[in-house]
Amino acid sequence: MILEVAILNVRTGESGVFEQTFSQAQDIISSMPGYTSHQLHRCLESQDKYLLLVQWQ
């Protein structure tokens, strides 16, 4: 298994738009060869920062 870690910095005040757009993007991610699962976490200290974890075979 490979764990991909990405820190995503979103423009201030655009977290809602990002989350809506990500709901569409996750369909693309999950269709990629080798995809196992993913998780998106919002940072508690900085509301405009996210952590994306993607597991691949």
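The residues of the chain are indexed from 1 along the displayed sequence.
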| message | If you count heavy atoms of other groups shown closer than 6.0 angstrom to CG of Leu3, is the number above 12? | response |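 For Leu3, atom CG is crowded (more than 12 foreign heavy atoms under 6.0 Å).
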| task | List in chain and number order the residues that pass salt bridge (charged side-chain N to carboxylate O under 4.0 Å, His left out) with Glu14, two or more places apart in sequence or in another chain; answer none if no residue qualifies. | result | none
| With sequence neighbours excluded, what pairs up with Ser37 under the side chain to side chain donor-acceptor pair (under 3.5 Å) test? | Gln55
| said: Just to verify, what does Gln24 make a side chain to side chain donor-acceptor pair (under 3.5 Å) with, not counting sequence neighbours? | reply: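 Gln24 satisfies side chain to side chain donor-acceptor pair (under 3.5 Å) with no other residue.
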| task | Determine the minimum heavy-atom distance between Arg42 and Gln47, stating which atoms define it. | result | NE-O, 2.9 Å
Taking ILVMFWY side chains as joined if any heavy atoms are under 4.5 angstrom apart, and letting links pass through other members, which residues group with [X]?
X     : answer
Met1  : none
Leu44 : none
Phe18 : Ile2, Leu8, Val10, Phe22, Ile29, Met32, Tyr35, Leu40, Tyr50, Leu52, Val54, Trp56

| task | Only counting residues at least two apart or in another chain, list the ones meeting side-chain contact (heavy atoms from CB on, under 4.5 Å) with Gln39. | result | His41, Leu53
| message | Strictly distance-based, threshold 3.5 Å: is any side-chain N or O of Ser46 a donor or acceptor partner for the main-chain N or O of Cys43? | response |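 Checking the backbone N and O of Cys43 against the side chain of Ser46, no donor-acceptor pair under 3.5 Å is found.
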| said: By the salt bridge (Lys or Arg N to Asp or Glu O under 4.0 Å) test, which pairs, at least two apart or in different chains, include something from residues 43-57? | reply: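 For residues 43-57, and leaving out neighbouring residues, there are no salt bridge (Lys or Arg N to Asp or Glu O under 4.0 Å) pairs at all.
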| Contact list for residues 26-38, test salt bridge (Lys or Arg N to Asp or Glu O under 4.0 Å), sequence neighbours left out |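 The answer is none; no pair qualifies.
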